[in-house]
Amino acid sequence: MGEDAESPKINHTFLRDYVTEADVISTVEFNQTGDLLATGDKGGRVVIFQRETESKGESDEPGETGDSGEYNVYSTFQSHEPDFDYLKSLEIEEKINKIRWLPQQNAAHFLLSTNDKTIKLWKVSERDKRPEGYNLKDEEGRLKAVSTITSLQVPVLKPTDLMVEVRPRRVFANGHTYHVNSISVNSDGETYLSADDLRINMWHLGITDRSFNIVDIKPANMEDLTEVITAAEFHPHHCHLFVYSSSKGTLRLCDMRASALCDKHTKLFEEPEDPGSRSFFSEIISSVSDVKFSHSGRYLLTRDYLTAKVWDLNMDKGPVETYQVHEYLRNKLCSLYENDCIFDKFECVWNSSDSVIMTGAYNSFFRMFDRETGRGVTLEAWRESSKPRAVLRTRRVYTGGKRRRGDVGVDSLDFTKKILHMAWHPSENIIAIAATNNLYIFQDRVNPETQAQ
Amino acid sequence: ITTNMECAVDAQSLISISLMKIHNSRTQRGGIKLHKNLLVSYVLRNARQVYIKEKYAEIYRMQQYEEVRTVCNEIQELNPLDLDSEDADDEDQARAACCGDETSLCHRGAAQPAVHVRAPSTLLGCCPFEDSSKESEPCEYRSCCMEASPVSHFDPFSADNIRHCNKTTVLDLDTHVVTTVENGYLHQDCCCDALQGGQGAQSPAKKRKGEFGGCVSEAEDVSDFTAARKRAKREDCSYSNPDYTETSNISNLISIFGSGFSGLLSRQADLEQICSKQALAGLGAWTRAIVAF
């Protein structure tokens, strides 16, 4: 692996072994404005970052916007705790599988976070004033002796240091028998869906004791099980449409107007299997790990183990674009199966104008593909090579031909350093990459604003 | 499945790796991951298909049909439990060939030991039970019958007898309880893949029973895996050849997973017994056993 010259005093390699499992980031999500960025980790904690609006004096340049692009910690809270299902004698992990922000309606921010079983709605609000001048309590809150009160005063609100409060507002429990893998807020602003391996439920944000089951693919006899749901998402504009992906590599678009139970899809997106490439692991590598609607609502982006595909909602015969993320791993599927890497679930994201797609890989690499040219770049999220404000240089995995300096051989790839989770700012070219327990935020300084197409 | 394997790992290794994964998933935090286990079962199925195909090709290349048939006949007359004098290899070949031709049957039974017999219930007259006292461990004897098969020219017995005989009789030598299951379809040990047969009429409940020869010695819901475990035990005591025992253990495991996802969720409790130390410890000997086979 290409290595920058390290300071002789500091050697970070040993730190790798000391990463606490609980600190591993398991989800990353921007809110609708991009001012807030939430991360969830395996320990059940949520950390919210806020974008600084003050520009740093040093980097001020004429014409630069007020936003410095830096994100600082805004709030931290424990979302989920380890739980235990006594009936089944099963431990329920506290790992946060997904976070989704609600569209902002007032001064407070709301987000949904979920572990394997329970979804919670959190209210994030700021308090910068506090009432002072109570009659019965003193400044520390202790009750005053009544005899000392000689006059009445009206409490007034006085400015105080900013405090961020996070409170659970709803707990949506007992809706899922299997492990929840996705949540998605509907464009109607009132409902959201949650999907586990076999079922998808629709909830109303205000009602916690009921949910509607809208998809159920559990067979009557579990021995007949052939596929599970791997991801689900509402259409960004049409509140009656949603899509879900399966472990067989298919996508199903469902219209809730058609019937109450959407077991029958409105559209099935499937690419015929190439019989010549069949192997022991064909089923595993065709399982879709993530599905995302484009911002326009016209396209779908999916990720399976080796590729990322763009589908046109109007064409169900196959993807319109296929991007090879790390085709060089095709010969290594056996060992990747042995070390369980083949089960890694990579996410994929669109940029704000739907012209670029991004997904993660191994060795702290992540890839971006320009849809217009079809070309892809490989970038690295690694502390050693990312000094603040330095330009990311592109990386390359050596797969034959002329070997360039800095190329990484396939056998040198570190499969423990995987980029599974990532997010793209809704309107600007800012990306958040989760690399194990580290969060990297990169910004395109050259084109900070995405050009509207 | 193409034989163009992308790496050196072969079907047998993949099977054992997959079984280990399933076994380990039971103790993972957060409960069994349905998605992952489903994918592992696909690998298991794919590897099994390749393994069986390879085995079948190997067997088919061997002895002539008539020779096999002769050996098969000889075996039928023997006491099924008294096989120490037999050459394990011959038995396997004979039995495997007996069980049907490569196109229709015997997908799963290619590596089954010969303790079971493809005979109608009348063969119980051979009194194998009396030999139970010889055995150091309790074993289970099972006879089974084949349903009408499209290609039955391997069948050394009366065709009529076979076609109409659709019972499975099980003797549990622990309790000496004999149970006969009606309409149980093809026993997996019989190497007959019922999927080609008229299984459509079977109800799911019956199917589960029949699949393992209706190995019911106690209540109805004795799990399929308990049956397989007993089978495994029987093989241990019947054969002194440790390699052979381990092969049969692994073959049983393959049969269990024959229908894809069979029992991975519903029989969790018994999976541990199947993936016992015995079976897993013997995985290393598999290669030797297969070569000898």
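Just so it is clear: chains get the letters A, B, ... in the order the sequence lines come, proteins before strands, and each one is counted from 1. Not measured: the values here are computed from a predicted model.
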Only pairs of heavy atoms separated by less than 4.5 Å count here; which of A/H179, A/E227, A/K88 has the most with chain B? A/H179
A/Y337 versus chain B, heavy atoms under 4.5 Å apart: side chain, backbone, both or neither? both
Answer yes or no: is there an ion pair linking A/D290 with A/R303, defined by an N-O contact shorter than 4.0 Å? no
Under-4.0 Å salt bridge between A/K117 and A/E94: no
Salt bridge check, A/E347 against A/K98: does any charged N sit closer than 4.0 Å to a carboxylate O? yes
Does A/E93 pair with A/K42 as a salt bridge, N-O distance under 4.0 Å? no
Whatever's closer than 4.5 Å to a heavy atom in chain B on A/I342 counts as neither
Cut-off 4.5 Å, heavy atoms of chain A, and the answer for B/K33 is both
Counting only non-hydrogen atoms closer than 4.5 Å, does A/S89 touch chain B with its backbone (N, CA, C, O), its side chain (CB onward), both, or neither? neither
Residue part contacting chain B, namely of A/S247, when any heavy atom lies under 4.5 Å: both
Below 4.5 Å, heavy-atom pairs only: which of B/S18, B/G30, B/G31, B/A47 has the largest tally toward chain A? B/G30
Note: B/K36-A/D340 ion pair, threshold 4.0 Å (strictly below): yes
A/E273/A/R278 ion pair, N-O < 4.0 Å: yes
From the list A/T226, A/T230, A/D116, the residue making the most non-hydrogen contacts under 4.5 Å with chain B is A/T226
